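All remarks here apply to the structure that follows.
Any value given below was found using the heavy atoms of this structure, including those in side chains, with hydrogens, waters and symmetry copies removed. None of these values were measured; they are calculated from a predicted model.
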Amino acid sequence: MPEEEVVEIKFRLYDGSDMGPFRYSPASTIAMLKERIVAEWPKDKKIAPKGANDIKLINAGKILENNKIVGQCRVHFGDLPEAVITMHVVVQPSVTKVKTEKKVDEPPRNNLCSCSIM
């Protein structure tokens, strides 16, 4: 009975450290990888994703879409043996809207400039 094919992937974080390698089925989706990254994110990092939507995975210079599967991400280089795939992790936290408040203490500004055409 043949052993199920697995893909080994490690994730390179923003500071150059790595997570993994982890073993995945070629049928695993990129969204599943992102969920695992969030669950196993190192606690000592300054920047941390709050959810899978805060993460972008880059492999072979391309940003991977959530609906792609791991089997589509492998790049074959001739006769080189199968190796661990390194994916780069970019954390982009969701932008929170900051409310701007008008200062009540400031009097309204009056434009004192005037132009005259002669």
Side-chain angles (χ1 to χ4, degrees):
M1 186 165 144
E3 185 178 323
E4 181 184 342
E5 182 182 0
V6 293
V7 179
E8 285 190 294
I9 302 174
K10 70 178 176 179
F11 302 101
R12 176 91 14 107
L13 305 181
Y14 65 89
D15 63 354
S17 63
D18 291 334
M19 287 176 59
F22 301 112
R23 298 172 70 121
Y24 294 96
S25 162
S28 300
T29 64
I30 298 304
M32 293 167 62
L33 273 62
K34 289 180 178 183
E35 290 295 331
R36 183 163 185 185
I37 291 169
V38 171
E40 300 204 15
W41 191 264
K43 304 296 182 208
D44 61 338
K45 302 291 181 197
K46 288 182 182 179
I47 300 172
K50 292 183 178 151
N53 291 334
D54 292 349
I55 295 177
K56 291 189 187 302
L57 289 180
I58 301 172
N59 183 46
K62 295 182 181 175
I63 297 174
L64 303 177
E65 298 172 18
N66 288 342
N67 58 355
K68 284 219 176 227
I69 61 170
V70 171
Q72 295 172 323
C73 299
R74 285 192 278 184
V75 178
H76 298 285
F77 294 105
D79 295 330
L80 292 177
E82 294 291 322
V84 176
I85 297 172
T86 301
M87 293 186 181
H88 294 268
V89 179
V90 177
V91 179
Q92 294 182 324
S94 304
V95 179
T96 56
K97 294 182 180 178
V98 179
K99 293 182 180 179
T100 57
E101 296 179 10
K102 289 187 176 182
K103 293 183 181 180
V104 179
D105 298 338
E106 280 187 26
R109 296 173 116 189
N110 293 331
N111 290 336
L112 300 176
C113 295
S114 62
C115 295
S116 300
I117 299 176
M118 296 196 182

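Residues Lys45 and Val91 fail the side-chain proximity criterion, which asks for heavy atoms closer than 4.5 Å. You'll find the side chain of Leu33 reaches within 4.5 Å of the side chain of Ser28, heavy atoms only. Looking at heavy atoms from C-beta onward, Ile9 lies out of side-chain contact with Val84 at the 4.5 angstrom threshold.
In terms of modelled atom types and a separation under 3.5 Å, the side chain of Trp41 and the main chain of Lys50 share no donor-acceptor contact.
The hydrophobic cluster containing Val90 also includes Ile58, Ile63, under a criterion of side-chain heavy atoms closer than 4.5 Å among ILVMFWY residues, counted directly or through chains of members.
Hydrophobic clustering (side-chain heavy atoms under 4.5 Å, transitive across Ile, Leu, Val, Met, Phe, Trp, Tyr) groups Ile37 together with Tyr14. A continuous path of Ile, Leu, Val, Met, Phe, Trp and Tyr side chains, each step under 4.5 Å between heavy atoms, connects Leu64 with Met19, placing both in one hydrophobic cluster.
Listed by first and then second residue, the salt bridge (Lys or Arg N to Asp or Glu O under 4.0 Å) pairs that reach into residues 26-39 are Arg36-Glu40, sequence neighbours excluded. Residue pairs meeting the salt bridge (Lys or Arg N to Asp or Glu O under 4.0 Å) criterion with at least one partner in residues 59-71, sequence neighbours excluded, are absent.
Listed by chain and number, the residues in a side chain to side chain contact (heavy atoms under 4.5 Å, CB included) with Asp44 are Pro42 (sequence neighbours excluded). Residues passing the side chain to side chain contact (heavy atoms under 4.5 Å, CB included) test with Ala27 are Ser25, sequence neighbours excluded. With sequence neighbours excluded, the residues satisfying side chain to side chain contact (heavy atoms under 4.5 Å, CB included) with Val38 are Pro49, Ile55.
Glu8 contributes atom CD, which lies 11.0 Å from atom OG1 of Thr86 (distance to the nearest 0.5 angstrom).
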Using side chain to side chain contact (heavy atoms under 4.5 Å, CB included), reason through Lys56 and Gln92 one step at a time and then give a plain yes or no.
CA-CA 8 Å; Lys56 291 189 187 302; Gln92 294 182 324; 2.8 Å; yes

Taking it one step at a time, do Thr29 and Asn67 satisfy side chain to side chain contact (heavy atoms under 4.5 Å, CB included)?
CA-CA 6 Å; Thr29 64; Asn67 58 355; over 6 Å; no

Does the pair Asp18 and Leu13 meet the rule for a side chain to side chain contact (heavy atoms under 4.5 Å, CB included), with working shown?
CA-CA 6 Å; Asp18 291 334; Leu13 305 181; over 6 Å; no

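Ring pair Phe11/Tyr24 is perpendicular by interplanar angle, where above 60° counts as perpendicular and below 30° as parallel.
Between Ile30 and Leu57, the closest heavy-atom pair is CG2-CD1, 3.9 Å.
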